[in-house]
Amino acid sequence: MSGGDNKDVLQPANFAFTPENRAEADRIIAKYPTDRQASAVLPLLYLAQRQVGWVPRAAMDHVAEILDMAPIRVYEVATFYTMFHLEPVGKYHLQVCRTTPCWLRGADQMTETCKKKLGIGLKEVTKDGLFSLIEVECLGACANAPVVQINDDFYEDLDPKRLEWILDELAAGRVPPFGSQSGRKGAEPAGGPTTLKEIARPTGAPAE
Amino acid sequence: MPKMTIDGIEIEVPAGITVLQACEMAGKEIPRFCYHERLSVAGNCRMCLVEQEKAPKPIASCAMPVAEGMVIKTDSPVVKKARQGVMEFLLINHPLDCPICDQGGECDLQDQAMAYGYHSSRYREEKRAVPDKEFGPIVKTIMTRCIQCTRCIRFATEVAGVEILGATGRGEHMEVTTYVEKTINSELSGNLVDICPVGALTSKPYAFIARPWELRKTQSIDVMDAVGSAIRIDSRGREVLRILPRVNDDVNEEWLADKSRYAVDGLRRQRLDRPYLRVDGKLTPATWPAALEAIANRVTGLPGNRMAAIAGDFADAESMFALKGLMTELGSPNLDCRQDGAALDPNARASWLFNSTIAGIEKGDAILIVGSNPRWEAPVLNARIRKRYLKGGLKIGVIGPKLDLTYPYQHLGQTADVLGQVASGAHAFADVLKNAKSPMLILGQGALRGPEGAAMLGTARKLADTCNLVREDWNGFSVLQTAAARVGGMEIGFVPQPNGRNVAGILEGTAKGEIDFVYLLGADEIDMTRLGKAFVVYQGHHGDAGAHRADVVLPGVAYTEKSGIYMNTEGRAQIAEPAIEPLGEAKEDWAILRALSEKLGHTLPYDTLEQLRRALFKAAPNLQQLGAIVPAKWETFGRTGAVTARAFHLPIANYYMTDPISRASETMARCTDAFVAPMTGTGTHG
Ligand code: SF4
Ligand code: FES
Ligand code: FES
């Protein structure tokens with residue numbers, strides 16, 4: 001994925017920011033001193049990814065041109081950060097956390113569920129372009145393990161059945177509510193709060 | 001000046017240097033991979049760890065500035081253990097392929113593994129493998145060997161000025177690459193092979209040719225351009241196998257241009273190893289006596305003004321001096337060493353020298369480049385301009401074709417008349433020069449060739465006055481020569497004598513039948529079709545244009561086979577030394593002329609090279625100051641007169657093929673195909 005660009009990926013010949021994104025890019029660049037505009041490389045790559053769904057090479061070249069950088073300097077950045085997709089991803093990009101807390105709480109099953117349900121392996125995209133699947137390291141929501149990030153949102157406290165249902169919903173064009181799937185609020189204890197109950201509820205809130 | 005203690009030695013060091021440099025000053029060797037004194041500091045290999053008192057852990061000495069009172073240990077058990085640890089990590093992914101690696105015997109990793117490596121590896125997991133890259137005809141890559149020191153990336157970015165190498169990916173997946181497939185399009189790419197501390201980047205033309213301990217090393221001087229880079233010629237038996245740079249901070253620092261390195265295979269092809277005579281229109285092998293006899297037959301009785309001699313771009317000062325002596329004896333005033341017809345003024349040394357000196361470029365703060373592509377005419381010198389540019393505060397203007405010079409510049413115009421505008425002060429760049437502290441004019445041969453050459457020189461001379469190029473302690477008037485022989489030829493006065501003809505005049509004479517005899521001392525760049533019916537003697541080492549036209553061919557030797565003095569574009573006399581024996585029946589060039597003079601009944605007054613040099617130094621004392629520069633007197637030169645709006649014709653159309661040696665080189669042909677053909681749409685394959 002990193003040493004050279006993947007020859008199997010169909011790279012679009014051109015890229016240009018949409019007028020809105022170009023304006024946004026200019027706004028970002030203006031945040032930095034004039035001869036330091038290269039500092040904007042991360043947000044601009046991110047903006048390009050927002051626009052296309054991934055970062056084609058033409059987009060890297062475009063960013064290099066806007067920021068007056070050698071293209072290789074942009075390639076270095078884009079390949080360093082795993083959150084830049086250098087190949088197309090699905091409409092719903094599934095990132096299964098596999099670090100220890102999630103792993104102890106069944107991360108392997110999450111990956112298995114996705115693979116079986118969608119018929120794809122890791123780093124693959126479903127034929128209809130709807131889903132893609134990867135495993136990632138800790139997403140920072142360990143208290144609600146296991147966690148799967150779908151696009152920008154975390155789906156927490158998952159079990160295989162719930163995850164299957166989520167995938168079904170997404171396939172049907174409905175986006176289920178994100179957050180804990182077990183009904184608890186945030187990362188509070190699974191059975192509801194056990195301490196500081198009075199302070200925890202603002203006055204007037206219904207008692208348990 | 002901070003004082004510090006290194007391994008118990010108290011030493012005072014200049015402020016601002018690094019601990020590694022201080023250790024070296026104290027005579028302590030510090031192992032390193034990523035650090036290179038001519039590149040920026042990366043500090044990523046950790047091999048240079050030393051112990052610093054009161055520091056909680058070992059420090060990377062290459063990246064740590066010195067401070068007052070520092071106490072450093074470079075040979076404590078902690079240091080040894082730390083370096084062993086670093087070495088063990090480095091070797092985790094490094095293949096154990098030294099027996100088939102070209103770097104073997106001159107590999108930093110191999111050497112340091114001897115000092116800091118464990119006897120065997122504790123690593124049981126799989127090693128990583130990295131796909132090789134395609135960098136073109138010069139640099140071969142075996143990227144699995146890369147230890148990611150990033151020296152090559154920094155060299156390409158900083159020195160070569162082609163920002164196409166980088167490190168992509170992260171951690172175990174990091175790779176040194178161009179990412180999109182690209183060749184290293186730089187005339188300095190061979191230096192990547194030198195700076196790579198391991199066998200990841202090696203020399204493609206030299207692959208599997210020799211081991212370093214088999215080579216005989218001869219210190220010499222490069223002649224492929226007029227820079228006079230210090231080189232080391234590595235030979236085995238009767239073959240030159242490779243050429244590497246030596247350090248000379250005044251000239252090439254430690255870099256060398258690709259043609260100077262890789263045209264060596266041209267030394268083995270199309271060589272003249274015996275005399276030839278033209279019989280019935282065809283060159284046929286002959287003996288030395290027969291060849292000299294044929295010349296004597298033609299010359300005897302011929303008046304001097306019907307003879308001429310032209311010296312080529314590889315001629316050493318000694319052979320030009322001998323040829324001048326012979327022609328003078330024969331009564332011929334028709335001499336010239338300026339094959340390209342450049343209007344250098346024989347009477348004014350300052351008109352043909354790079355007066356600012358190469359190292360002086362680093363002092364310059366405004367440079368006007370006229371009629372030159374320094375990137376091709378003198379790649380190493382161009383790297384010096386780039387080095388100066390990177391320091392900041394340099395203004396560069398260019399008059400001539402718009403080219404990628406590896407640094408940004410203001411393009412003042414394509415045509416010669418713009419120089420006149422700057423000289424008269426009408427162009428704004430005149431003020432840039434005037435207001436600079438050390439302004440420079442780099443005048444290329446492209447400006448001095450052609451009918452208006454003398455007027456161009458005069459205009460440049462005027463600019464030197466109006467823009468104050470010459471000041472106390474500073475002479476910014478710098479002529480960039482392209483031929484190694486040129487300055488030496490000018491120095492000994494290998495130019496038309498009173499009533500003599502220059503190259504253009506000689507060719508006019510031969511075309512018109514006014515000149516019957518022409519002696520070409522390695523001159524291959526003139527228009528041979530204009531030699532008419534003249535009897536042509538070619539003395540040289542390659543079967544190139546001159547030999548093909550000649551009636552008699554006398555086999556001389558190449559610069560790797562003789563001792564000869566060359567003066568570089570700055571006016572620095574240096575001696576090239578022979579690495580191998582002459583080929584076949586070829587002879588040293590001065591000796592050929594000495595033998596011929598005897599045959600012609602005008603025996604030159606020296607029997608040995610030493611005697612010749614004594615006479616030479618008397619006639620041209622500046623040549624005696626080996627390694628040094630005798631500054632030129634500042635006088636008037638050039639013709640006054642307007643210059644018209646003509647475009648420059650730069651001296652080099654293809655960097656990789658400029659002379660008989662590089663034209664015979666297969667590597668240079670491959671480079672032409674890889675680098676020049678895509679630019680111009682022409683190649684060696686049409
Ligand atoms: S290729 Fe050589 S110079 Fe470049 S990073 Fe690797 S080891 Fe260093
Ligand atoms: S381990 Fe999965 S979110 Fe931290
Ligand atoms: S030499 Fe100091 S870290 Fe590499």
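Letters go in sequence order (proteins before strands), and every chain restarts at 1.
Within 6.0 Å of CZ on B:Phe89 lie no more than 12 heavy atoms contributed by other residues, nucleotides or ligands. Summarising the local packing, CD of B:Glu125 is surrounded by more than 12 heavy atoms from other residues, nucleotides or ligands at distances under 6.0 Å. Heavy-atom contacts from other residues, nucleotides or ligands closer than 6.0 Å to CZ of A:Phe178 number 12 or fewer.
Within residues 66-77 of chain A, the residues having any heavy atom less than 4.5 Å from a heavy atom of chain B are, in residue-number order, A:Ala70, A:Ile72, A:Arg73, A:Tyr75, A:Glu76. Heavy-atom proximity under 4.5 angstrom to chain A picks out nothing from residues 135-149 of chain B. Heavy-atom proximity under 4.5 angstrom to chain B picks out nothing from residues 41-52 of chain A.
Side-chain contact check for B:Thr202 and B:Gln103: no donor-acceptor pair (N or O, by modelled atom type) lies under 3.5 Å. Judged purely by distance below 3.5 Å, without hydrogens or angles, the side chains of B:Thr168 and B:Glu175 never pair a donor atom with an acceptor atom. In the model, A:Trp54 has no side-chain atom that pairs as donor or acceptor with a side-chain atom of A:Glu87 under 3.5 Å. Side-chain contact, A:Arg57 with A:Gln11: no donor N or O sits under 3.5 Å from an acceptor N or O.
Applying the ring-ring contact (aromatic ring centres under 6.0 Å, His included) test to A:Phe15 and every residue at least two apart in sequence or in another chain returns A:Phe17, A:His62.
For the pairing with A:Val148, the side chain to side chain contact (heavy atoms under 4.5 Å, CB included) check across A:Val136, A:Val96, A:Asp153 returns one residue only, A:Val96. Remark: of the listed residues B:Lys391, B:Arg388, B:Arg386, B:Lys391 is the sole one forming a salt bridge (charged side-chain N to carboxylate O under 4.0 Å, His left out) with B:Glu362.
Interface remark: of the candidates B:Val130, B:Thr157, B:Leu165, B:Leu165 forms the most heavy-atom pairs closer than 4.5 Å to chain A.
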Exercise. Where do A:Thr126 and A:Asp128 land on the side-chain hydrogen bond (donor to acceptor under 3.5 Å, both in side chains) test, with the steps shown first?
Worked result: CA-CA 5 Å; A:Thr126 52; A:Asp128 55 10; 2.6 Å; yes
For this session: Could you walk me through whether B:Ile385 and B:Ile367 pass the side-chain contact (heavy atoms from CB on, under 4.5 Å) test, one step at a time?
Result: CA-CA 9 Å; B:Ile385 302 177; B:Ile367 304 181; 4.1 Å; yes
Exercise. Should B:Ile195 and B:His36 be marked as a side-chain contact (heavy atoms from CB on, under 4.5 Å) after you check the CA-CA gap, both sets of side-chain angles, and the distance that decides it?
Worked result: CA-CA 8 Å; B:Ile195 56 154; B:His36 190 287; 3.7 Å; yes
